[in-house]
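One structure is given below, encoded as structure tokens.
Because only heavy atoms are used, hydrogens play no part in the values below, and waters and symmetry mates are left out as well, while side chains stay in. Within every chain, numbering begins at 1; the chains are lettered A, B, ... in the order of the sequence lines, protein sequences first and strands thereafter.
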Protein chains: 2
Amino acid sequence: MTKAADGGLRHRKKALMRQQLQQHALRLFLSQGYEATTVEMIATAAGVSHMTFFRYFPTKEDVVLADEYDPVLVARLAARPPTEPIWEKLRHAVLEGLAPLPAEAYAVLLQRTRLIFTVPALRARQWDQQHATEALILAALGYPTGERTAWVLVAAGLATLTTALSIWAEQDDVSALPNIINTAFDALLKGRLPYE
Amino acid sequence: MTKAADGGLRHRKKALMRQQLQQHALRLFLSQGYEATTVEMIATAAGVSHMTFFRYFPTKEDVVLADEYDPVLVARLAARPPTEPIWEKLRHAVLEGLAPLPAEAYAVLLQRTRLIFTVPALRARQWDQQHATEALILAALGYPTGERTAWVLVAAGLATLTTALSIWAEQDDVSALPNIINTAFDALLKGRLPYE
DNA sequence: CTCATTTTTGTTATTCACTAACATTTGTTA
DNA sequence: TAACAAATGTTAGTGAATAACAAAAATGAG
């Protein structure tokens, strides 16, 4: 039987290669621009052929967009008190997921976020990914897919979150993200501009 | 002086060609699928070369996504009573823009909407376009770009609208759109799931 | 350790979206 | 009808993505 546990050499090499590709890609994108960097260049920088690149990432975009935050968010959401309103669940789940990150991670995340919001191809794919998470979140909250009211609320909540990210990307305080998120959700809850 | 008014033969031919390209594209996409249809095929069907296609539409996606609804929406938004809350302005501006459309237009719009939500490349670009309209809407409402509270509210409102479109695309009543939009905005205004 | 098996990688060729340069046709104006 | 401007065709090229097959590396068994 062929069953190399997680510690197998193969597994380690794969994880390493994936990381290498991502790091070289990000470095090249930031220094020369996204379009000016070909997949060939990234692969060569990582010491492999372009085919290997595409075996790790289905598209050039995915090398930037691949992230591991969704499962964390889902777990946190499910752990929130059931009576809490959706938007509060979302707000706090995100903040809780962000809190344990080391300061350095924020800097990288900000760089990545700026890149994504700057490059049209990345931006478009990012929106699409985000809407794909809607289904995940609805499931995590225990709503059947198709529950329209909950769907609308989750979509609005996610839009708020993205707007917060967008605002974060446009200013220079790396540590401002939690505050921005809170302000954004406060605005959503008031929701009555111009009056009141 | 070269000044062929709107009625010039050139203008008419250009408008016609644009329409031809869009119609053939939509027809081919619906019958054979989006990816299975090449730009070459569309161009040939319209009796031109692929270069001409790209002179009318910058990308293959744009031949589906190009629409003329944004200016209408902006005009309606600006005409709403200033004291009305943002989400109500948005809801009614959209409904007013939709009302004068002939029944046939709805059928076409539904087809197009389904295509967009089905094809990943179109979906992604659509989200991106939508977020681009945020700026337009903010301007139409008289908020300076960067007004964060209004930004959040507009983003949430647009997300609601898109969710309504998504729901519309997944059912079979062509005439249900206004009702779905109303229900979606009602949900947004309640915004307090699970309790209250 | 060695050999057969499985997984991963490289090579090569191909498709398709999209761009650039230049020649050609077609509408417009005098 | 001649001169000009705008739209189109032709051709060649780049780069992302896929497919098919050959080569190399890791794994497990004996």
Between [atom2] on [N] and [atom1] on [X], what's the gap in Å once rounded to a whole number?
| X | N | atom1 | atom2 | value |
| --- | --- | --- | --- | --- |
| A/Phe53 | D/dT18 | CZ | P | 11 Å |
| B/Ile42 | C/dC16 | CD1 | C1' | 12 Å |
| A/Phe29 | D/dG15 | CZ | C1' | 13 Å |
| A/His50 | C/dG10 | NE2 | C1' | 10 Å |
| A/Glu40 | D/dG15 | CD | P | 9 Å |
| A/His11 | D/dT27 | NE2 | P | 11 Å |
| B/Glu35 | D/dA16 | CD | C1' | 15 Å |
| B/Met17 | C/dT25 | CE | C1' | 14 Å |

Heavy atoms only, 4.0 Å cut-off, all strands: where does [X] land among base, sugar-phosphate and nothing?
| X | result |
| --- | --- |
| B/Phe57 | nothing |
| B/Thr38 | sugar-phosphate |
| A/Tyr56 | sugar-phosphate |

Of the nucleotides [options], which has the atom closest to the [X] side chain?
| X | options | result |
| --- | --- | --- |
| B/Phe54 | C/dC18, D/dA7, D/dA26 | C/dC18 |
| B/Thr52 | D/dA19, D/dT8, C/dT28 | D/dT8 |
| B/Val48 | D/dG9, C/dT8, C/dA17 | D/dG9 |
| B/Met51 | C/dA21, D/dA7, D/dA25 | C/dA21 |
| A/Ser49 | C/dC18, D/dT18, C/dG10 | C/dG10 |

Check your understanding: Considering residues, nucleotides and ligands other than B/Glu104, do more than 12 of their heavy atoms fall under 6.0 Å from its CD?
Key ->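 No, not enclosed.
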
Check your understanding: Do you know which of B/Val94, B/Thr160, B/Ile180, B/Leu95 makes side chain to side chain contact (heavy atoms under 4.5 Å, CB included) with B/Phe185?
Key ->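 With B/Phe185 as partner, B/Val94, B/Thr160, B/Ile180, B/Leu95 yield a single side chain to side chain contact (heavy atoms under 4.5 Å, CB included), made by B/Thr160.
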
**Study point:** Step-by-step side-chain hydrogen bond (donor to acceptor under 3.5 Å, both in side chains) determination, A/Thr59 to A/Asp62
**Key:** CA-CA 5 Å; A/Thr59 74; A/Asp62 285 288; 2.6 Å; yes

Review point. Can you find a donor-acceptor N/O pair under 3.5 angstrom joining the side chain of B/Arg12 to the base of C/dG27?
Key: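 Flag unset: no donor-acceptor pair detected.
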
Review point. Ignoring hydrogens and angles, does a donor from either the side chain of A/Arg55 or the base of C/dT7 sit under 3.5 Å from an acceptor on the other?
Key: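 Looking at the base of C/dT7, it does not pair with any donor or acceptor on the side chain of A/Arg55 (distance under 3.5 Å).
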
**Study point:** Under 4.0 angstrom between B/Lys60 side-chain N/O and C/dC18 OP1 or OP2
**Key:**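 For C/dC18, neither OP1 nor OP2 has a side-chain N or O of B/Lys60 closer than 4.0 Å.
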
Review point. Quick one: is C/dT26 close enough that its OP1 or OP2 comes under 4.0 Å of any side-chain N or O from B/Lys13?
Key: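 No, B/Lys13 has no side-chain N/O under 4.0 Å of OP1/OP2 on C/dT26.
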
Review point. What is the ring orientation for A/Phe57 with A/Phe53, classed by angle as parallel under 30°, tilted 30 to 60°, or perpendicular over 60°?
Key: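 Because their plane-to-plane angle lies in the 30° to 60° range, the rings of A/Phe57 and A/Phe53 count as tilted.
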
Review point. Considering only heavy atoms from C-beta outward, does the side chain of A/Tyr56 approach that of A/Gln22 to under 4.5 Å?
Key: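 Not in contact.
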
Practice item. Give the intermediate values and the outcome of side chain to side chain contact (heavy atoms under 4.5 Å, CB included) for residues A/Leu138 and A/Thr145. Key: CA-CA 7 Å; A/Leu138 280 171; A/Thr145 50; 5.5 Å; no

Practice item. Could you let me know what C/dA30 is paired to, Watson-Crick or G-U wobble, both distances under 3.5 Å, or none if it's on its own? Key: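 Pairing partner: D/dT1.
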
